[in-house]
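Proteins get letters first, then strands, A, B, ... in listed order; numbering begins at 1 in each.
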Amino acid sequence: MPDGSFAHPQQRQFNPYTDNGGTILAIAGADFTVIAGDTRQSEGYSIQTRYAPKVFRLTDRAVLAVNGFAADGNMFVKKVKQRLEWYRHAHAKDMPLHAIARLIQTMLYAQRFFPYYVYNILGGIEEDGSGAVYSFDPVGSYEREACRAAGAAQSLVQPFLDNQIYFKNQKAAAGQSHPAHLPLSDVLAIVIDSFTSATERHIEVGDGLEIYVVVAKGRSPQGLETMRNVQELSTRPDGDRMFILRRELKKD
Amino acid sequence: MDHFPTNWGRPRNDAADPYGTYPIHQRPATKDTFAEGVQRTQQPIVTGTSVLAIQYKDGIMMAADNLASYGSLARFKDIQRLHKVGTSTVIGASGDMSDFQAIQTLLDEVVTDEFTHGDGHDLGPAEVHEYLSRVMYSRRSKINPLWNSILVGGFRDGKRFLAYVDLLGTTYSAPSIATGYGAYIAIPLLRAAVDGRVDELTEENARALLHDCMRVLFYRDARSLDKYQIATVNASGVHISDQIHLDTSWSFAEGIRGYGAQTQ
């Protein structure tokens, strides 16, 4: 070319990843778990859509939230669901939560040298009836925790949860101790406040909020059924119960 | 002794340092034959600009201009960027036009394969989008992407469908979607008119809205053309319009002062 634009071979590296924003969060109670995520999908400063779910029902008692690169996230969820279906055909039962957690770790680590750029949070009911949250990094390191936030607003939400769930930097009243687990109504209030606050201060969070609640078999949903915009997803009347709670978030 | 079985029986390469004689940072460089051997399409060459699409009362509508650019050169001015797939789907592509033509060929093959089964089933927009997103994601995972942003629209069993897929395999669905410059310039106009009003938006309104957006894009996007087509998908099937010409007025340019060529 006369302008010399091809004098040096031009190299443009193709980047197979992007960040689609959003935030997810899960909190385990004594006999329930809450798993939530906002529904905005963005790239750079553009909102691609106001409704792209990041939280998915896996079994009657397990819910998976994925955050990071949306294409990897959707593919990962699709593959986890497929592995769970194969398990169901082979064993005529749903895979237990701790086993799903280990499955996710091996599936993520299998891609160690071309990772799924996805932060996963798995929530649900363990076989002993306790609420459980497992959180993962993109290459499969994982641990069971009482609560975890991930994604764009992790740095805003996690310190709030440390204070409100783990009672960090709080002193109990004289002669009393902090409760080991909070009731469902308190947890839901904390989750909703977390997302409204993250929406205020983070541009990639907003539009809609989807909150999944899994309640252990035989335990009370503590008035959850009467809240507005609640839908029950339970498949059997005698098993664990699952609900989805939808809320609007600011769209600016 | 060389402990790597894959090296046994092969000619010795003294440059390879099989005994680890040198410390790692001093080892003689070995030439990797394939380091520059495999080159892939890794930038778009002949490109199409924005595609716009909206859902409306009876279905979906999509618009794209007829230009295929070669860098800043307006190279091909009669290129159709909307493509009918099967009986109830249309796709529109921005990005590399040769990759888009490969995608058209691929989808037409799939549609033909399905037809020859003769089982009375064919692909609707959801299936086309799912298939396309798998192709795009698998190509990006091979670091050999199809360099496009594609909109898939359709109408099937009384349901509208509109979704996006790009070279990374990213997908989403929304009442109004635009690719390229359209995402910055047309989306604010489209969202203001469409969001929450999809069921009231008539075909005439939708057509006028897209016409206005194409004109705004022609004024501001240097890689666009004043000639475009509109695809409509509704209960009566897929219809891709003839070329539509944009009427523009540039008289305002005379009055602009403060920058440009004029001296006062």
Are the side chains of [X] and [Y] in touch, meaning some heavy atoms are under 4.5 Å apart?
{"X": "Thr49(A)", "Y": "Tyr164(B)", "answer": "no"}
{"X": "Leu168(B)", "Y": "Phe69(A)", "answer": "yes"}
{"X": "Gln48(A)", "Y": "Ile177(B)", "answer": "no"}
{"X": "Tyr51(A)", "Y": "Tyr172(B)", "answer": "no"}
{"X": "Tyr137(B)", "Y": "Asp72(A)", "answer": "yes"}
{"X": "Lys251(A)", "Y": "Arg191(B)", "answer": "no"}

Is the number of heavy atoms from other residues, nucleotides or ligands under 6.0 Å of [X] [atom1] greater than 12?
{"X": "Arg88(A)", "atom1": "CZ", "answer": "yes"}
{"X": "Arg57(A)", "atom1": "CZ", "answer": "yes"}
{"X": "Tyr117(A)", "atom1": "OH", "answer": "no"}
{"X": "Tyr142(A)", "atom1": "OH", "answer": "yes"}
{"X": "Arg247(A)", "atom1": "CZ", "answer": "yes"}

What heavy-atom pair brings Ser141(B) and Phe114(A) nearest, and what distance separates the two atoms?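 Of all heavy-atom pairs spanning Ser141(B) and Phe114(A), the closest is O-CE2, 3.2 Å.
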Gap separating the OG atom of Ser138(B) from the CE atom of Met75(A), nearest 0.5 angstrom: 8.0 Å
Say you draw a straight line from OH of Tyr45(A) to OH of Tyr184(B); how long is it, rounded to the nearest 0.5 Å?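 The OH atom of Tyr45(A) sits 11.0 Å away from the OH atom of Tyr184(B).
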Highest number of heavy-atom pairs under 4.5 Å with chain B: which of Asn20(A), Ile47(A), Asn15(A)?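 With the most close heavy-atom pairs to chain B, the winner is Ile47(A).
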Structural part of Gln41(A) lying under 4.5 Å from a heavy atom of chain B: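 For Gln41(A), side-chain heavy atoms alone lie under 4.5 Å from chain B.
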What part of Leu167(B) is in contact with chain A, defined as an atom under 4.5 angstrom from a non-hydrogen atom: side chain, backbone, both or neither? both
Checking heavy atoms, do the side chain of Ser173(B), its backbone, both or neither come under 4.5 Å from chain A? backbone
Quick one: is the NZ or CZ of Arg140(B) closer than 6.0 Å to the six-membered ring centre of Tyr17(A), and within 45° of its axis?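 The answer is yes, since Arg140(B) meets both limits relative to Tyr17(A).
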